[in-house]
Number of protein chains: 2
Amino acid sequence: MRSVIIGFGLLILCLLVLFKIAEVNFMRGDVKLEVVVAVAAIVFFFAGLYVNGQRQKKETGTPATPPPAALHSPIVDYAQIKKLGLTQREHEVLVKMAEGLSNQEIAAQLFLSESTIKTHVSNIFIKLDVKRRTQAVQVARELGIV
Amino acid sequence: MRSVIIGFGLLILCLLVLFKIAEVNFMRGDVKLEVVVAVAAIVFFFAGLYVNGQRQKKETGTPATPPPAALHSPIVDYAQIKKLGLTQREHEVLVKMAEGLSNQEIAAQLFLSESTIKTHVSNIFIKLDVKRRTQAVQVARELGIV
DNA sequence: AGCAATTTGGTACTTTAGTACTACGGATTT
DNA sequence: AAATCCGTAGTACTAAAGTACCAAATTGCT
């Protein structure tokens, strides 16, 4: 968390510096508007890539912090998910289910119909070999996929 | 894949339009350089986020170390239980609920009728301030009482 | 281009969960 | 002794969950 704040601080600082440099050069007529915008675009594009990359790293494994009795651990065992044959969407629904949401609430959060959620839920049950959602959550926790 | 191309095409189109609008307005002095750059920065930042998100979706397989994850935490916070006003029986039912059992199954295991379990479950919901059993389990885990 | 898997959505149905009461015996407290 | 809490159980109802199908559009892969 601290590194994220520091990182962002540095990024903002760099951008402010670049900004000033660009402004000065632009006012002198050395640089065109297009170039300034393009540089900003490229920098932020990669900033976006980097930020998302960092976020994904946490979910991909890397026991950065030892188990502090974490509740919904960010450590997700993707190998296990693959082994079970769970799809991206199904896993997404499973996580929402573990958060205690109803089918209707999950549908609203994912901008889907309740029917779709029910379909996903049923498929999850088959793949996890369970009969109820509470059981599914229990198994999912045991397998480290939520 | 096609949607990505279409999306990028639209994005580029929008950017070109915005670009021209910005240029015109900028030349007229209506808009400041900062605003133009900021808009470009924000758009590309989210574009970066989106692109990485799509990319990550494909790489689901990760040979991460399966974290055994001590599920059945034997550490139960009795002070918390008391604070919530949960009785022994209610806590007992709550534990069974967290194990993914149905009301019927809990009734069978505790040699009670399903009606009794329903009564307990309803009282648990009131005390935990939740609406569904999955939510109750989630809250119970957070509070360390299961 | 074509096939398999994924995602989304639907209908119709059964089952389980949950709500809102009531009631009663036993234990504990006042 | 009266009041209160706990545990038990019931009825009658509504809401949600779950099952079993089907179907169509997308996407991934070859």
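Order of the sequence lines fixes the chain letters, A, B, ..., with proteins taken first and strands second; residue numbering starts at 1 for each chain.
Salt-bridge annotation for A:Glu105 and B:Arg132: present, with a side-chain N of the basic residue lying under 4.0 Å from a carboxylate O of the acidic one.
If you measure from atom CG of B:Leu110 to atom P of D:dA9, you get 11 Å, rounded to the nearest angstrom. Taking atom NZ of residue A:Lys127 and atom C1' of nucleotide D:dT19, one finds them 17 Å apart after rounding to whole Å. Following rounding to the nearest Å, A:Ile117 (CD1) and C:dG9 (C1') show an atom-to-atom distance of 11 Å. The separation between B:Gln104 atom CD and D:dG18 atom P is 15 Å, rounded to whole Å. Here the P atom of nucleotide D:dC5 and the NZ atom of B:Lys82 are 16 Å apart, to the nearest Å. Taking atom CD1 of residue A:Ile126 and atom P of nucleotide D:dT19, one finds them 8 Å apart after rounding to whole Å. The NZ-C1' distance, from B:Lys118 to D:dA17, rounds to 13 Å in whole Å. With rounding to whole Å, B:Arg133 atom CZ is found 12 Å from D:dA17 atom P.
Applying the 4.0 Å criterion to OP1 and OP2 of D:dT19, one finds that A:Ser122 has a side-chain N or O inside that range. OP1 or OP2 of C:dT8 sits under 4.0 Å from a side-chain N or O of A:His120. OP1 or OP2 of D:dG7 has at least one side-chain nitrogen or oxygen of B:Thr87 nearer than 4.0 Å. Neither OP1 nor OP2 of D:dA16 sits under 4.0 Å from any side-chain N or O of B:Arg132. Distances shorter than 4.0 Å separate some side-chain N or O of B:Gln88 from OP1 or OP2 on D:dG7. Side-chain N/O atoms of B:Asn103 include none lying less than 4.0 angstrom from OP1 or OP2 on C:dT16. Between B:Ser113 and D:dG10, a side-chain N or O to OP1/OP2 separation shorter than 4.0 Å is present.
Contact check for B:Thr87 versus B:Asn123: no side-chain heavy atoms found under the 4.5 Å cut-off. The closest side-chain heavy-atom distance from B:Leu84 to B:Glu90 is not below 4.5 Å. Residues B:Val139 and B:Asp129 have side chains not in contact (no heavy-atom distance under 4.5 Å, counting atoms from C-beta outward). Between A:Ile106 and A:Val121, the closest side-chain pair of non-hydrogen atoms is not below 4.5 Å.
Counting non-hydrogen atoms under 4.0 angstrom, A:Thr116 reaches a base of the nucleic acid. Nucleic acid contact class of B:Ser115 (heavy atoms, under 4.0 Å, all strands): base. Backbone-only engagement by A:Ser102 is indicated by non-hydrogen atom pairs under 4.0 Å involving sugar-phosphate atoms exclusively.
Side-chain proximity of A:Arg89 to C:dT19, C:dT8, D:dA17: nearest is C:dT8.
Test A:Lys131, A:Gln135, A:His120, A:Arg133 against A:Phe125 for side-chain contact (heavy atoms from CB on, under 4.5 Å) and you get one pass: A:Arg133.
Nearest-nucleotide assignment on DNA chain C puts the 5′-proximal partner with A:Phe111, out of A:Phe111 and B:Leu101. Residue-to-nucleotide proximity on DNA chain D shows that, of B:Leu112 and A:Thr134, the 5′-proximal contact is made by B:Leu112.
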